[in-house]
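Input: a single structure, listed below in structure tokens.
Just follow the structure's listing: the first ligand is 1, and inside any ligand the first atom is 1.
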Amino acid sequence: MHALLLIDIQNDFLPGGALAVPEGDRVIEIANVAIESAEYVVATQDWHPPDHGSFASQHEGIEIGDVFELNGLRQVAWPDHCVQGSPGAEFAASLRIAGIDHVTRKGTDPLIDSYSGFFDNGHRQSTGLHDHLMSTGVDELTVMGLATDYCVKFTVFDAIQLGYSTRVVLAGCRGVNLHDGDVDAAIEEMRAGGAVILEDFSPLT
Ligand code: VGL
Ligand code: ZN
């Protein structure tokens, strides 16, 4: 079975949000069209405790955008974002939320970040998404959402490694581009890894 996998379409990643992705709001209408035609829809939700270790605010002398070591892993320092229960962590208001069949929350452990919807950044713990998809009979994924160069990219890498046939719809993705070229590089890495990269959404069948 085929599923649509929506990555982190949350207020904090939209223009005006705490970790605003340029044009992040543009993905919503594409996601809504995709939800309409999808057999099954899963959404990930970045869901951090207020003291999450990826937040620059938790570390003396570390500024937003700095790279530092968190629990043995390379970590980008982010502004406080997607704090559990806060408005910024909610799905975008205009997203067709009623069409979402299952939500996977990630980034809940304060000691480790989780860009991928499947595992934390150290592949130490799974989020349960793979088990859920397997038990639902999902073997093909169409992925879109935010941000192309972080959570979309790492979710796609894991999806391919886990054996899912994986499509990425670029019109439904936007990236952070902390450094010029990050988004283009992410797209090439996903393609090289085995993802089918599509410019625009078109329903299967
Ligand atoms: C994300 C940075 C930090 C994302 C989440 O959704 O791509 N990026 N947390
Ligand atoms: Zn996050």
Heteroatom distance test (Ala147, ligand 1): nitrogen or oxygen, under 3.5 angstrom: yes
Over 12 foreign heavy atoms within 6.0 Å of CD, Gln125: no
Test side chain to side chain contact (heavy atoms under 4.5 Å, CB included) on Val67 and Arg74; report intermediate values, then the result. CA-CA 7 Å; Val67 175; Arg74 194 185 140 88; 3.6 Å; yes
Nearest non-hydrogen protein atom, atom 1 (C) of ligand 1: Cys151 SG, 3.2 Å
Please confirm whether His81 and Phe55 have ring centers closer than 6.0 angstrom. yes
Non-hydrogen side-chain atoms of Trp78 and Asp12 separated by less than 4.5 Å: no
May I ask you to list the atoms of ligand 1 that are less than 4.0 angstrom from any heavy atom of Tyr150? 7 (O), 8 (N)
Around the Zn ion (ligand 2), what protein N, O or S atoms are found below 2.8 Å? Asp46 OD2, His48 NE2, His81 NE2
Would you find a donor on one side and an acceptor on the other, under 3.5 Å apart, between the side chain of Thr136 and the backbone of Val138? no
Considering only protein heavy atoms, which is closest to atom 2 (C) of ligand 1, and at what distance to one decimal place? Trp78 CE2, 3.4 Å
Could you establish whether His81 and ligand 1 come within less than 4.0 Å of each other, counting only heavy atoms on the residue side? yes
Applying a strict under-4.5 Å side-chain criterion to I, L, V, M, F, W and Y, I'd like to know whether Val41 and Val169 cluster together. yes
Using atom types as modelled and distance alone, determine if a side-chain donor or acceptor of Asp46 lies under 3.5 Å from a backbone N or O of Asp8. no
Quick test: of every protein heavy atom, which one is nearest to atom 5 (C) of ligand 1, and how far off is it to 0.1 Å? Asp46 OD2, 3.1 Å
Any atoms of ligand 1 less than 4.0 Å from a non-hydrogen atom of Asp8? List them with their elements. 4 (C), 6 (O)
His130 side chain to Asp158 side chain, donor-acceptor N/O pair below 3.5 angstrom: no
Side chain to side chain contact (heavy atoms under 4.5 Å, CB included) partner of Val156, chosen from Val168, Leu5, Ile187: Val168
Region of Val176 that comes within reach of ligand 1 [heavy atoms, distance under 4.0 Å]: neither
Answer yes or no: does atom CD of Glu29 have more than 12 heavy-atom neighbours from other residues, nucleotides or ligands under 6.0 Å? no
